[in-house]
Amino acid sequence: MREVSTDVLVVGSGPTGLMLAAWLAKLGVDAILVDGKDGPTRESRALGVHSRSMEIYDQLGVVDRVLAEGYSAVKIRPGYESRSFGAVPIGRFGAGLMPYPGLHILEQSRNESILLDRLQELGGTVEWQHALVNLTPDAGGVTAECSGPAGLLSVRERFCVGADGGSSAVRKIAGIPFEGLTNEHTFYVADVSGVSGVAGDSVNLRFGAEEFLLGFPMGPGGHHRLLGVLRTAGGEDVPESLARQRLDTVFGITYRESLWFSTYRIHHRVAARFREGPVFLAGDAGHVHSPVGAQGMNTGLQDAHNLAFKLAEVIQGRASESLLDRYEAERRPVALRLVNSTDRVFGLVTSDRRLARTVRRIAPRLLAPAAIRLLPRLPIAPRLFGYLSQIRIHYWMDGFSPDGTSSDKPTNDAAGSAPDPGSKPRAHRTRRGRVIGRRLPWTGPNFEVLRSATWQVHTYGEVDAEVAAAVGHGLKVPVHSFPAAGGKGLQEGLCYLVRPDGFVAGAAPMHTAVSRLRAHLPDQWFGAGPTSDLG
């Protein structure tokens, strides 16, 4: 038996595990990544990269490669059977809200390749062909046993993260229930070339009386991802010949060559807990759902991003371990909302009920033309795109102290943020503010400084340079000043404390910022030594 020790063992080298391992390496945390496979994923699998994930890639230093290797889809074309009813310009909705609007198409295998290369650049590696067989927690952490080609590998680690997919061995060994259901229908996915019958610059969404189709452009030469449902008795596997015949007959879609074809059942499940002592779950190990909205891989990438910073704070002595409870408090509600929303949407597009069939037949004809004409002009359009692109995710900062323990003290008023309109009285309000608990609103230059991946204070508009410097000295964080940002919710005269992951932890008037914002920093912050430079 080979024996090694580390701070964090990451199990599973999919996008979530690679993102986590790369960020831990960048943050200077010792970690080992293991996977039972013999190498990276070869199939395309997941393929949509949303705007929030692009921002994380920017912070990690790989966004240029993602842009170069990906394919941008800036429109959605709804339709019924073989007819399309125009294009909804989703790319326009994100203008001014984010640096990378639209949906970026880059298959999972390419995401993994980019992340693996970045991990190796930062000094990390993957222990391939090492499958987890046991976990033994104790007072100081956990010991994992992995079966490899040369025998057992024993890894003694302080924390273990299961990023090993829907059939997670980590989740099963930890005894964490995986709550939810499995859809009764059989679904297929096909990567094809030489396709005709779909628009090459758009995400194609088609409904049928009993079927539906999602088509994603994947590059030149008629290269597309086609995903749909076929109703078969007993849920048996769907042969490609049947899927191909139905695509032609129902949707008028043909293709020259199949590059990959697979069938599967869709699960809607969320782990009962995202943490069990020193063991954590991320990505599909903690939540699985339908592919509606192309949210799955993105949610896993953001799980990893969130958890990496918390682990680094604890391991490097800036926070107590209670901070790690905030990982579940922040990310599990995101998974629950996502599973519930995709379950409802998927229920509508697959239901056999007469009303659902009628809606699928009529809605594209009636609503698509109006949406194409009116939606870009409506104030709600950016909000809708914000949900789709995952930039509107919020964390409930109230009800928790900075170290993750319960607190009855509302932080919105104490941090200087305005309460939400129509909110409950202060004594009962636990909602976030317009900015607090959300990803920092993008103004252009203010995202460049997020690449440092450190706690920092932002001010907007005219500021007293000496007072700003005093705030930075008192909080032991850098202070960055930017021009006024009207319409972004960022008020002049306030100091915004921004977490390393880009979420706003608190806000306060400049002359009281030190006393008010100290409580939002990690609980060991002022007793910790200086942090090392990032890789």
Side-chain angles (χ1 to χ4, degrees), residues 10 13-27 31 33 40-41 44-74 90-91 94 97-124 126 163 216 218-219 282-283 293-309 312 331 334 385-386 388-393 439-442 444-454 498-503 534-535:
V10 182
S13 66
T16 300
L18 286 165
M19 175 68 84
L20 178 59
W23 266 110
L24 291 174
K26 183 177 176 69
L27 295 170
L33 176 58
T41 299
S44 57
R45 301 195 180 187
L47 76 164
V49 182
H50 285 299
S51 299
R52 178 58 189 153
S53 298
M54 294 293 288
E55 294 169 2
I56 294 173
Y57 275 145
D58 187 354
Q59 206 180 13
L60 186 60
V62 297
V63 73
D64 288 341
R65 185 172 166 189
V66 175
L67 289 168
E69 297 185 19
Y71 187 79
S72 180
V74 295
I90 58 172
L97 297 177
M98 61 200 70
Y100 307 103
L103 176 64
H104 302 270
I105 308 299
L106 185 68
E107 59 264 34
Q108 178 175 324
S109 58
R110 297 304 307 155
N111 280 272
E112 291 185 16
S113 177
I114 291 170
L115 288 167
L116 178 58
D117 288 348
R118 184 59 173 145
L119 172 62
Q120 293 171 338
E121 290 171 1
L122 295 166
V126 182
F216 296 91
M218 296 179 66
Q295 303 283 309
M297 179 173 66
N298 294 271
T299 306
L301 293 174
Q302 291 166 51
D303 288 347
H305 187 244
N306 182 290
L307 181 56
F309 289 106
R331 294 305 300 172
V334 172
F385 185 72
L388 178 65
S389 62
Q390 298 193 343
I391 66 167
R392 288 191 62 84
I393 287 173
R439 157 260 198 198
L440 178 71
W442 176 65
N446 68 340
F447 268 36
E448 295 178 8
V449 296
L450 297 183
R451 294 170 184 161
S452 65
T454 57
V498 183
R499 303 190 326 186
D501 64 356
F503 278 73
L534 295 179

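Side chains of Arg439 and Ile393 form no contact here, defined as non-hydrogen atoms less than 4.5 Å apart. Under the 4.5 Å side-chain criterion, counting only non-hydrogen atoms from C-beta, Leu106 is in contact with Ile114. Arg331 is listed as a side-chain neighbour of Thr299, based on a closest heavy-atom distance under 4.5 Å. Looking at Met54 and Met98, their side chains never come closer than 4.5 Å, going by heavy atoms from C-beta outward. Looking at heavy atoms from C-beta onward, Arg65 lies in side-chain contact with Ser113 at the 4.5 angstrom threshold. A 4.5 Å side-chain heavy-atom check between Phe447 and Asp58 finds every atom pair outside the cut-off. With contacts defined as side-chain heavy-atom distances shorter than 4.5 Å, the pair Leu103/Phe216 qualifies. Residues Tyr100 and Leu67 meet the side-chain proximity criterion, which asks for heavy atoms closer than 4.5 Å.
Across all their heavy atoms, Ala22 and Leu115 have their closest contact at CB-O, 4.5 Å. Nearest heavy-atom pair across Leu24 and Ala31 is CD1-CB, 3.9 Å. Residues Ile56 and Trp23 share a closest heavy-atom pair of CG2-NE1, 3.8 Å. The minimum heavy-atom distance linking Pro101 with Ser51 is given by the pair CA-OG, 3.9 Å. Closest approach of Ala21 to Leu33, counting heavy atoms only: CB-CD2, 4.0 Å. Residues Val126 and Ser13 approach most closely at CG1-CB, 4.2 Å, considering heavy atoms.
Here Leu450 contributes atom CG and Gln59 contributes atom CD; the two are 6.0 Å apart, rounded to the nearest 0.5 Å. One finds the CG atom of Leu60 at 7.0 Å from the CG atom of Leu122 (value rounded to the nearest 0.5 Å). Taken to the nearest 0.5 Å, the CG atom of Leu301 stands 12.5 Å off from the CG atom of Asn306. Note that CG of Asp64 is 13.5 Å distant from OH of Tyr57, once rounded to the nearest 0.5 Å. Separating the CG atom in Leu119 from the CG atom in Leu20 is a distance of 10.0 Å, to the nearest 0.5 Å. The structure places OG of Ser53 at 7.0 Å from CE of Met297, a figure rounded to the nearest 0.5 Å.
Shown are Arg52, Gln302, His50, Glu55; of these, the side-chain hydrogen bond (donor to acceptor under 3.5 Å, both in side chains) with Gln390 is made only by Gln302. No option in Val62, Val49, Leu18, Leu116 other than Val49 meets the side chain to side chain contact (heavy atoms under 4.5 Å, CB included) test with Asn111.
The backbone N or O of Pro40 lies less than 3.5 Å from no partner atom in the side chain of Glu112, so there is not a single donor-acceptor pair.
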